[in-house]
2 protein chains.
Amino acid sequence: MRTGEKPEIARLPLFREMDEAKRERVFAGSFLQVFPPQLTLFEAGQHPDFLHVLVDGLVELSASSGDRDTTMRIVEPVTSFILAAVVNDLPYLMTARTLEASRILLVPAALVRELINQDTALMQATMHELALAYRGLVRALVDMKTRQSAERLGNYLLRQQARRQEGGLIQLQAEKRLLASLLGMTPENLSRAFSVLSNHGVRVEGSNITIADHEALSAFAHPDKIPV
Amino acid sequence: MRTGEKPEIARLPLFREMDEAKRERVFAGSFLQVFPPQLTLFEAGQHPDFLHVLVDGLVELSASSGDRDTTMRIVEPVTSFILAAVVNDLPYLMTARTLEASRILLVPAALVRELINQDTALMQATMHELALAYRGLVRALVDMKTRQSAERLGNYLLRQQARRQEGGLIQLQAEKRLLASLLGMTPENLSRAFSVLSNHGVRVEGSNITIADHEALSAFAHPDKIPV
DNA sequence: CGAACCCTTGATGGCGATCAAACGCCGTGG
DNA sequence: CCACGGCGTTTGATCGCCATCAAGGGTTCG
């Protein structure tokens with residue numbers, strides 16, 4: 001692979017603490033590949049051949065049961081994804097497709113598992129990563145079970161704002177229809193949810209969202225109180 | 001702690017492969033305690049002091065946002081729970097309370113983290129456990145987002161049957177109101193969901209459920225196709 | 001024996017899905 | 001360069017699933 005993006009990947013929590021030589025083996029054994037938009041990278045049910053690291057672009061993870069599908073996650077760079085399937089060597093539960101042209105580092109799953117067993121720091125990082133991902137899913141499930149749609153949208157906006165800098169301006173990185181699916185509603189109802197939030201401190205201009213009144217939005221959305 | 005339940009605990013995936021001497025340290029540093037029914041063991045937001053292993057009894061894990069709560073999991077023996085919070089040393093996201101009188105092994109969180117870092121087999125087991133738990137939550141979230149209530153109940157019954165022996169008889173271990181909350185519905189609607197399923201191969205007699213026609217129920221509930 | 005409480009069944013209401021149509025944006029092709 | 005067509009978004013109307021409210025029957029426990 002080219003050297004340009006190595007530092008950024010090496011800075012990921014997953015690889016940060018591991019042995020330098022072993023990290024080189026990760027890079028040496030991997031492929032950095034460019035994919036066009038709207039391309040399916042893998043499908044749920046397939047055997048996991050690679051750990052994926054999104055270096056640049058945008059990826060959707062979705063899942064389905066019966067004839068309905070739902071967006072599970074929108075992956076932004078630089079992040080690894082589908083770690084759990086690789087660790088357990090069990091079929092993917094989600095389908096991945098690019099939303100934009102994307103550069104993705106493909107680390108052979110067997111190599112990942114081998115290095116995990118050789119490098120304690122990597123194993124520990126994997127363990128922590130999984131534990132954090134687990135917590136994220138617990139929150140997502142609670143969100144879905146206890147809040148109605150406009151509240152979920154409000155909380156999503158609050159979280160997005162927190163993840164970025166201060167200022168209250170949020171740029172939606174994906175289409176609204178995708179955000180709707182991520183939040184477990186239809187595009188029509190997302191639209192209506194935005195208009196509900198306009199009475200609670202949120203201003204919408206296309207994909208530019210402004211949280212004008214953080215207080216009001218928080219009061220409406222009842223965000224999680226437990227930190228991290 | 002007494003010796004009677006050691007073998008059963010040692011057989012858990014989490015402790016099974018680890019160094020014998022280290023496992024003795026787990027037992028030596030832990031407390032096996034008996035709790036009455038309806039007792040809160042810990043609350044969401046608290047700092048995790050113990051990894052819990054339910055040896056006997058029944059425990060509910062629940063979570064809330066704002067004024068609504070929801071059952072996240074019903075823990076049956078012999079199982080460890082809240083591993084993720086202990087590993088990350090981050091506040092519990094869920095509240096635990098006993099449903100029946102329960103015997104629980106309390107393993108100090110600091111000890112768990114110390115031994116994980118000393119024993120590769122334990123760390124690996126923890127990693128696998130977390131990855132499996134992650135997959136379980138992915139399925140739960142997809143379930144909630146893509147299926148309606150009677151389908152969720154149908155799938156729950158199919159999964160329960162698969163986890164136990166053949167025969168089609170399922171005994172609900174907890175109250176129906178709890179099952180309702182676990183499945184993200186009200187007790188009233190659980191009742192109605194059961195009566196819907198009576199047209200699809202399910203027979204209900206109190207807390208004894210029989211899957212009389214596995215085919216019919218599967219056709220109705222669209223169970224997950226991806227194994228494990 | 002009475003008082004809770006759980007479960008069930010019925011009636012009503014609200015949230016969100018579906019159906020439908022209009023608008024705007026963007027890319028393509030004439 | 002403009003016209004057209006496709007698609008995403010928005011808004012309105014209707015429908016259906018599920019929550020809520022209400023009441024009655026059964027069981028358990030004091």
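Both backbone and side-chain heavy atoms feed into the values below; hydrogens, waters and symmetry mates do not. Each chain gets a letter, A, B and so on, in the order the sequences are listed, and its residues count up from 1. Just so you know, these numbers come straight off a predicted model, no measurement behind them.
- Distance B:Ile209 CD1 to C:dC7 P: 11 Å, rounded to the nearest Å.
- Distance B:Asn189 CG to C:dG13 P: 17 Å, rounded to the nearest Å.
- Checked against salt bridge (charged side-chain N to carboxylate O under 4.0 Å, His left out), A:Arg139 has the following partners two or more places apart in sequence or in another chain: A:Asp224.
- Applying the ring-ring contact (aromatic ring centres under 6.0 Å, His included) definition to pairs two or more places apart or across chains, none involves residues 141-165 of chain A.
- Screening residues 36-86 of chain A for ring-ring contact (aromatic ring centres under 6.0 Å, His included), with sequence neighbours left out, gives A:Phe42-A:His52, A:Phe42-A:Tyr92, A:His52-A:Phe81.
- Listed by chain and residue number, nothing satisfies the side chain to side chain donor-acceptor pair (under 3.5 Å) test with B:Glu215 (two or more places apart in sequence, or in another chain).
- Spacing between atom CG of A:Leu183 and atom P of C:dA17 amounts to 11 Å, rounded to whole angstrom units.
- In this view, A:Asp69 satisfies the side chain to side chain donor-acceptor pair (under 3.5 Å) rule with no residue, not counting sequence neighbours.
- Within 4.0 Å of A:Ser149, counting heavy atoms only, lie sugar-phosphate atoms of the nucleic acid but no base atom.
- A salt bridge does not link A:Arg103 to A:Glu8: none of the charged side-chain nitrogens sits closer than 4.0 Å to a carboxylate oxygen.
- Judged as a side chain to side chain donor-acceptor pair (under 3.5 Å), the pairs with a partner in residues 175-189 of chain B (not counting sequence neighbours) are, in order, B:Thr71-B:Ser181, B:Thr186-B:Asn189, B:Asn189-B:Arg192.
- When rounded to the nearest whole Å, the span between CD of A:Glu175 and P of C:dC26 equals 12 Å.
- For DNA chain D, the neighbouring residues in residues 137-148 of chain B, judged by any heavy atom under 4.0 Å, are B:Gln148.
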Measure all distances between protein nitrogen or oxygen atoms and nitrogen or oxygen atoms of nucleotides 19-25 of chain C, and list the pairs falling under 3.5 Å.
unit_1: C:dC19; atom_1: N4; unit_2: A:Glu188; atom_2: OE2; d: 3.2

Next on the checklist: side chain to side chain contact (heavy atoms under 4.5 Å, CB included) for A:Leu157 and A:Leu197? Distances and angles first, verdict last.
Outcome noted: CA-CA 10 Å; A:Leu157 296 176; A:Leu197 292 192; 3.9 Å; yes

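- Residues of residues 152-161 of chain B that place a heavy atom closer than 4.0 Å to DNA chain C do not occur.
- Counting non-hydrogen atoms of neighbouring residues, nucleotides and ligands closer than 6.0 angstrom, the CZ atom of B:Arg159 exceeds 12 such neighbours.
- Between the P atom of C:dC7 and the CD atom of B:Glu205 lies a distance of 16 Å, rounded to the nearest Å.
- Axis orientation changes by 30° from one end of the helix from C:dC1-D:dG30 to C:dG30-D:dC1 to the other, with each end axis drawn from 5 pairs and the value rounded to 10°.
- Counting only residues at least two apart or on different chains, the ring-ring contact (aromatic ring centres under 6.0 Å, His included) pairs with a member in residues 181-227 of chain A are A:His200-A:Phe220.
- Salt bridge status for A:Arg68 with B:Glu151: absent, with no side-chain N to carboxylate O gap under 4.0 Å.
- Here the range on DNA chain D touched by chain A, meaning any atom under 4.0 Å from one of its heavy atoms, is D:dG8 to D:dA13.
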